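First listed ligand is number 1; within each ligand, the first listed atom is number 1. Just so it is clear, the structure is predicted and the values come from calculations on it, not from any experiment.
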Amino acid sequence: MPKNYITGFPRIGEQRELKKALESFWSKKSDQNALEAVAKELRQRHWNYQKKAGIDFISCNDFSLYDNLLDTSIMLGAIPKRFKELKGLEQYFAMARGSENEAAMEMTKWFNTNYHYIVPELSPEDDYKLNLTKIKNEYQEAKACGILPKINIIGPLTYLGLSKRVDGGDPYALYHKLIPLYEELVREIAKLDTDITLQIDEPIFAKDNNTTVLSLIKPTYDTLCDIASNVKIAVVTYFDHACEATDILIHTPIWALGLDFVYGEKNFASLDKIADSKKVLIAGVVDGRNIWKNDFQLTLAQLDKIAQTVSKESIMIASSCSLLHTPFTLKYETKMDQELKSWLSYAIEKLSETALLSKLFFNQTLSEQEQKHVQENKEALQRKRTSSRIHNATVQQSIKALQKFEREGKFEERIKRQRELLGYKDLATTTIGSFPQTQELREARKNLKQGTITHEQYKDAMKNYIDYCIAFQEECGLEVLVHGEPERNDMVEYFGEQLNGFGFSQNGWVQSYGSRCVKPPFIYGDVSREKAMTVEWSRYAQSRTQKIMKGMLTGPVTILNWSFVRNDIPRSEVSKQIALAINKEVDDLQKNGIKIIQVDEAAFKEGYPLRKENIAAYESWATRDFKIAVSSANKETQIHTHMCYSEFNDIITTIEAMDADVISIETARSGNELLRIFKNVGYKQEIGPGIYDIHSPRVPSVEEMVAQINALLEVLPKEQLWINPDCGLKTRKWEEVKPSLKNMVTAVNIVRSSIN
Ligand code: GLN
Ligand code: ZN
């Protein structure tokens, strides 16, 4: 009986080989054969890693050239009309990235991870047709490597749940059209071998599902299990508990059920029923979303708890979800501090952890090397528990001593003082913070790192650039200026690098979408600020202009949501510590003459829990921590925040409770519907709805922006509105930025003269 199970494996490659191959193919520097050769080599390498680590259940079809949901659309023949004429890879990448004539399909966040998938576009007129080429190829390839793989697919209920219909209808209404294809799939793969394991991913079960979805579970899995007796079906869920679906699935003939015991505490409550049903339990106990070493003692205790209810023979030790969300291997972390490194485990290391845990749990004999591994694990975690690099008494003291949780004065009172002092007009113009990151800036940063320029030279280069940004903004007629953020590589990394408790990797890349990867910082210890992080730049910038220079910080919740976070204390505690550090920075900025400070919460929404039952708690501490971060601001100091999205329906009261004086948001693409929400709840604070979409290289015309501003004025009064682009400009080129902002200012002037 197999004992362990890996839900899925990352595909980008330990040196991001797939990224490089894709980008070379897209820029026509290499051909399809070259791309496919890299893909094949990666698959083989990844299978061999898993085999060598002693993994029993290894997947095929977890590989993708771009995205698994997109692969599923191809498999089902769910190709939007505009791509139907295309074929093969041309079609595939056009769907993902758009083509000269056709817009790409939409992309959105995969549950609460930082991975993004291509949203299926369904239409009732579509004729679906099954295409199993990819699955069959990968299956045979794996066998050629001496592996009998399980086949991973996205389940029908998750696929429909994540789809959108072009006619606006309910995707689940297309259930009857899709399910025959899944039936055919089971029938077809049954022919591949005498025994086949089919992993059907249904992460949608970890959300609050409506009765329609729940009512479809039984018919779906009764039907799919009934097709071929040699196909064993494992339904795998992750990211939270799946109790409602579990209650139903145990009454279907599925062979196994995968549950996440790392992020789905409540799954423990389902154990009795699973035991009665005699299903195999794929116990997700190795964290697939974080980078910390597994605590073997703790996990074994957890497994023992499970085994008190479910018979040991029915348990398989597994990753909590696909390892897609973790970086590849520690092998390349050659510069990392040894102690920090000893606390970490990336995907490859998680394979050994999974295999070893299964040996420990099932009392198999350990090799000498394995015994050493267990010993090291114990020692590393022992050191971690007491390390002074993690536990900082001063930080813990100041958290306990914290008494001021919000700013002085009510908004109405503050804003009156601020408007008097700052003297900005209605429809005041500003930008979100960054200006284009040019090649020279990147070069300067690189040279500083490599030591080929001095710190002074680097600073001079940055200051020159700040001067340039200021000169442009003044010439353009913008009213509240920014310094342009040239010194920042990334809005989280920049702060992490200066705060205690943050670590950085050399090669900790995680796929975000397609060929794009991110390298999040990790927060391993108590967070504190040693010295001011932005004051020098902001003070310099303010000294170069008579206009108001806005200070620019990243908020605590965003820093948290874009990092790997320690798991020995609650996230809310970590967030509070960061808030305290930002709080000091806010104070230093205002003491140094900065009158407006923007605290970006670009990722505030990303941290929302999947389950409604957990949302109130998140909102409560996330709001608390934003408020702590700005509570040092005097009444006169104006606090702005910025959020990069446009769906505020569910969170508007929370946004209001954050109590920022001004919020800039993304509305350019969603129109004024959004503003009505602000109006409807009687939102009092000032708002800067982005009036053009910076993500498009197109320069918006004056007329367009005049129309846009007038449309805003139909919903909100001029006193409440600021005018700005919808996000930072660092990814844009000056050739686009300059005319766009000039047009924006001209548009504001036209509107002002027409209403005064
Ligand atoms: N101040 C940041 C910038 O302008 C905000 C970035 C963001 O919202 N993602 O770059
Ligand atoms: Zn933004």
Side-chain angles (χ1 to χ4, degrees), residues 109 114 116 429-438 441-442 445 462 465-466 469-470 472-473 478 480-496 512-513 516 518 520-521 533-534 537-538 541 549-563 582 585-586 589 594 596-607 626 629-630 638-648 651 655 658 660 662-670 674 687-696 722-734 736-737 740-741 744:
K109 254 169 88 75
N114 286 330
H116 300 75
T429 53
T430 190
T431 58
I432 305 303
S434 57
F435 273 111
Q437 285 267 336
T438 59
L441 290 179
R442 276 190 279 269
R445 219 177 348 260
M462 296 302 126
Y465 195 79
I466 292 175
C469 291
I470 293 175
F472 165 69
Q473 293 174 86
L478 283 154
V480 170
L481 308 196
V482 297
H483 76 289
E485 303 179 26
E487 77 289 8
R488 303 187 189 176
N489 35 7
D490 172 276
M491 64 187 287
V492 171
E493 195 168 66
Y494 178 76
F495 290 93
S512 170
Y513 64 88
R516 186 86 192 191
V518 292
M533 304 180 281
T534 65
W537 303 115
S538 285
M549 179 57 60
K550 187 159 61 161
M552 201 55 64
L553 304 174
T554 303
V557 186
T558 296
I559 294 183
L560 187 88
N561 285 342
W562 279 341
S563 301
I582 302 294
E585 189 73 14
V586 167
L589 281 170
I594 303 300
I596 299 186
I597 302 169
Q598 179 173 310
V599 181
D600 289 324
E601 282 293 14
F604 190 87
K605 213 179 156 190
E606 301 209 354
F626 179 83
V630 301
Q638 186 165 71
I639 295 293
H640 289 215
T641 188
H642 165 70
M643 297 190 173
C644 312
Y645 33 79
S646 53
E647 279 167 34
F648 285 89
I651 65 169
I655 302 298
M658 288 166 70
V662 183
I663 182 172
S664 60
I665 51 174
E666 181 192 298
T667 36
R669 279 182 288 187
S670 48
L674 165 62
I687 311 172
I691 69 155
Y692 76 90
D693 175 11
I694 65 105
H695 303 94
S696 148
W722 285 66
I723 303 298
N724 44 258
D726 72 350
C727 199
L729 301 165
K730 73 167 175 236
T731 56
R732 310 319 308 177
K733 296 199 168 64
W734 277 108
E736 303 153 15
V737 165
S740 301
L741 289 175
M744 185 182 96

- Task: Can you pull out the closest protein heavy atom to atom 10 (O) of ligand 1? Residue, atom name and distance to 0.1 Å, please.
- Result: Ser434 OG, 2.7 Å
- Could you list which atoms of ligand 1 come closer than 4.0 Å to a heavy atom of Ile432? 1 (N), 4 (O)
- Do ligand 1 and Glu485 have nitrogen or oxygen atoms that lie under 3.5 Å from each other? yes
- Item | Carboxylate-amine/guanidinium contact Glu606 Lys109, below 4.0 Å | yes
- Item | Nearest-contact summary for atom 6 (C) of ligand 1 - protein heavy atom, Å | Met491 SD, 3.5 Å
- Item | With the Zn ion (ligand 2) as the apex, the SG/SG angle for Cys644 and Cys727 - to 10° | 120°
- Task: Please round to the nearest 0.5 Å and tell me the distance separating atom OH of Tyr692 and atom SG of Cys727.
- Result: 10.5 Å
- Task: Would you mind checking which non-hydrogen protein atom is closest to atom 2 (C) of ligand 1, with the distance to 0.1 Å?
- Result: Asp600 OD2, 3.3 Å
- Message: Considering both backbone and side-chain atoms of Cys727, is one of its nitrogen or oxygen atoms within less than 3.5 Å of a nitrogen or oxygen in ligand 1?
- Response: no
- Item | Protein contact to atom 9 (N) of ligand 1 [nearest heavy atom, distance to 0.1 Å] | Cys644 SG, 3.4 Å
- Task: Please step through side chain to side chain donor-acceptor pair (under 3.5 Å) for the pair Glu601 and Thr558, ending with a clear verdict.
- Result: CA-CA 5 Å; Glu601 282 293 14; Thr558 296; 2.5 Å; yes
- Please report the C-alpha distance between His483 and Met549 in whole Å, then the side-chain angles of each, then the deciding distance to 0.1 Å, and finally whether the side-chain contact (heavy atoms from CB on, under 4.5 Å) criterion is met. CA-CA 7 Å; His483 76 289; Met549 179 57 60; 4.1 Å; yes
- Query: Which of the atoms of ligand 1 are close to Gly728, meaning less than 4.0 Å from one of its heavy atoms?
  - Reply: 3 (C), 4 (O), 10 (O)
- Task: Considering the heavy atoms of Gly433, write down every atom of ligand 1 situated less than 4.0 Å from one of them.
- Result: 4 (O)
- Task: Verify, without hydrogens or angle tests, whether Glu487 (side chain) and Trp537 (backbone) share a donor-acceptor contact under 3.5 angstrom.
- Result: no
- Parallel, tilted or perpendicular: rings of Tyr513 and His116 (30°, 60°): perpendicular
- Message: Can you tell me if Arg442 has over 12 outside heavy atoms packed within less than 6.0 Å of its CZ?
- Response: yes
